[in-house]
Amino acid sequence: MEPFGESMVKTIWIGDVQKGKYNDQEIELKGWIKRERGSNKLRFIVLRDSTGSIQCVGKLDLLGEDMFQQLKGILIETSVIMTGVVSTSEKAPGGHELLISSMEIVGAVNSERPFPITEADMLVEDEDGELTYGGTEHTLNHRHLYLRTARATTMLKLRSSAFGAIHSYFRGHDFLEYQAPNFVAGAVEGGSTLFEVPYFGKQAYLTQSWQLYAEAAMPALERLYTIAPSFRAEKSRTRRHLTEFWHAEMEMAWATNNDIMAHGEGVVRSIARALLDEREDELTYLERDLNLIARYADNPYPRMRYDEAIEILQGKGVAVEWGQDLDYSKEKVLTQDFDVPHFLTHYPKVAKPFYHRVDPEDENYVLCHDLLAPEGYGEIIGGGERTWSEEEILQRIDEEGTPREPYQFYIDVRSYGGVPHGGFGLGVDRVVSWLAGATHIREVIPFPRTSRRVTP
RNA sequence: GCCGAUUUAGCUUAGCUGGUGGAGCGUGGGACUGUUAAUCCCAAGGUCGUGGGUUCGAGCCCCACAAUCGGCGCCA
């Protein structure tokens, strides 16, 4: 007798069964019904768990009338425990099947409210008449159930590997994980894109970035990183925007713009490498070209100055003037010819906020960079060298007409032994969306938050 | 914030110049011993997003509102 009750830990996974680990053995499978079909004497059940799915065969003469009838009426997403012998079969999807000797229903499904998501729900015709995976209102409303469909599960696995790769990369390069508050008092930049939160009679905001608090700890930890949510109250209606997104940020003392870029390239390449190493099946399921992902993992990311980008755009007849920030329509034209991500550096000072360090070699530019992903996915990293001396930061703040008072703590960091430093922010959801070839960023986050949706 | 579009059964959708709304999936019942999103037969299931207007008559025409989707600006 176990004093604290029995255990029901699962040890047998469908993915391993499909790899041939249990051939000719009698095993117990725990999972959910994915599909059901067959005749009066023979039923085919597709059972799924988090690792895959397998065809289970129920025969009347083996199961007896009662259990066979139970099997026959079983509804999609019923949770069950199946016992049977594994065999190889060319007719079975995946090459293996389970001949059921007994079945126990764990959690039934109400036939008056059957599982509301069918295959057809997930396919949407786009303007070219092609079937794609859009988020229909229905699947978004039933997001809590949509998550268990094959495509959603696949995306979440890729996401998990990406998060793991980011942690591994930074920890492997002597970065310390460091947390900043999510409630903040003031704006990082602008102010119109902050979510306001009532805070015991005061006004607080949800953070847009970890950066300012990271800079405060930079003289203490020197190399630090985080993966945390950031919030932007932008009413952006695009396939690249969320109001709550996962932001991988790093800050590094004793570093130039170039040094920061090297890590930006390093972390993105290591994410691509991790997906290839850990998630080949998932990438294949998504019909992703593995050679393409390998190219992202194995090649250096070229760097291009803003001026050069403007010349290229003007050469293509795009109406753009020096000094303009490059919006998405221009990014898209620029990245059409890229087969790996490219860095864009040295933006005009007028296009960027005060914390970007002015280039000492030409004060019209700042030492910053954006990393643009190919295939039309756009900006995935924004970063650069910070304005690090007290004198320069005060000059930049005054130049922009920004009040000094809200940034006093930011200025203080520079008053006591400022050092050259910098960092970047990486949109994790954007990177996963790009590498997965997702049709929309919300495909890669379990419960997407956009300007029009906070539920479920 | 700006521009465009959509809304018909639980879901996906058809609907002719305005004349009593069809199908597939799913659900329920039935047939079938190797199916592959199985197939075949039957049934139930709709105040056509909401409100107003035009008309003898509105799913269809007009107005307003709402929800949702796509694109742009902004950014990760």
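Chain naming here is simple, since letters A, B, ... match the order of the sequence lines and numbering starts at 1 in each.
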For [X], all residues meeting salt bridge (Lys or Arg N to Asp or Glu O under 4.0 Å), sequence neighbours excluded:
X: A:D49; answer: A:K10
X: A:E265; answer: A:R269, A:R303
X: A:E177; answer: A:R171

Mind checking side-chain contact (heavy atoms from CB on, under 4.5 Å) for [X] and listing every partner two or more places apart, or none if nothing turns up?
X: A:K330; result: A:L313, A:V318, A:V320, A:Q324, A:L326, A:D327
X: A:L156; result: A:L147, A:R159, A:P446
X: A:N141; result: A:E137, A:R453
X: A:A152; result: A:Y146, A:T149

Q) Listed by chain and number, what are the ring-ring contact (aromatic ring centres under 6.0 Å, His included) partners of A:F163, not counting sequence neighbours? A)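 With sequence neighbours excluded, A:F163 shows a ring-ring contact (aromatic ring centres under 6.0 Å, His included) to A:W246, given in chain and number order.
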
Pairwise N/O distances under 3.5 Å, protein to nucleotides 71-73 of chain B:
residue	atom	partner	partner atom	Å
B:G71	OP1	A:R239	NE	2.3
B:G71	OP1	A:R239	NH2	2.5
B:G71	N7	A:R237	O	3.2
B:C72	N4	A:R237	N	3.1
B:G73	OP1	A:D327	OD1	2.8
B:G73	OP1	A:D327	OD2	3.4
B:G73	OP1	A:Y328	N	3.3
B:G73	OP1	A:S329	N	3.4
B:G73	O6	A:S236	N	3.4
B:G73	O6	A:S236	OG	2.8
B:G73	O6	A:R237	N	3.4

Q: Mind running a 4.0 Å heavy-atom check of residues 77-84 of chain A against RNA chain B and sending the residues that fall below it, in number order?
A: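 None, since no heavy atom is under 4.0 Å.
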
Q: Looking at every strand, decide which applies to A:I380 at a 4.0 Å heavy-atom threshold: base, sugar-phosphate, or nothing.
A: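 A:I380: backbone/sugar contact only, no base atoms under 4.0 Å.
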
Q) Touch check for A:D325, heavy atoms < 4.0 angstrom, all strands: base, sugar-phosphate only, or nothing? A)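 The answer is sugar-phosphate, as A:D325 gets under 4.0 Å only of primed atoms, P, OP1 or OP2.
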
Tabulated below should be each protein N or O lying under 3.5 Å from an N or O of nucleotides 26-30 of chain B; please produce it.
residue	atom	partner	partner atom	Å
B:U27	O2'	A:S111	O	3.4

Result block: side-chain N/O donor-acceptor pairs under 3.5 angstrom for residues 101-108 of chain A, not counting sequence neighbours:
residue	atom	partner	partner atom	Å
A:S101	OG	A:T83	O	3.1

Q | Student check: side-chain heavy atoms of A:E244 and A:L206 closer than 4.5 Å | A |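 A side-chain contact under 4.5 Å is absent here.
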
(Q) From CD of A:Q69 over to P of B:A31, roughly how many Å is that when rounded to an integer? (A)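 A:Q69 atom CD is separated from B:A31 atom P by 10 Å.
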
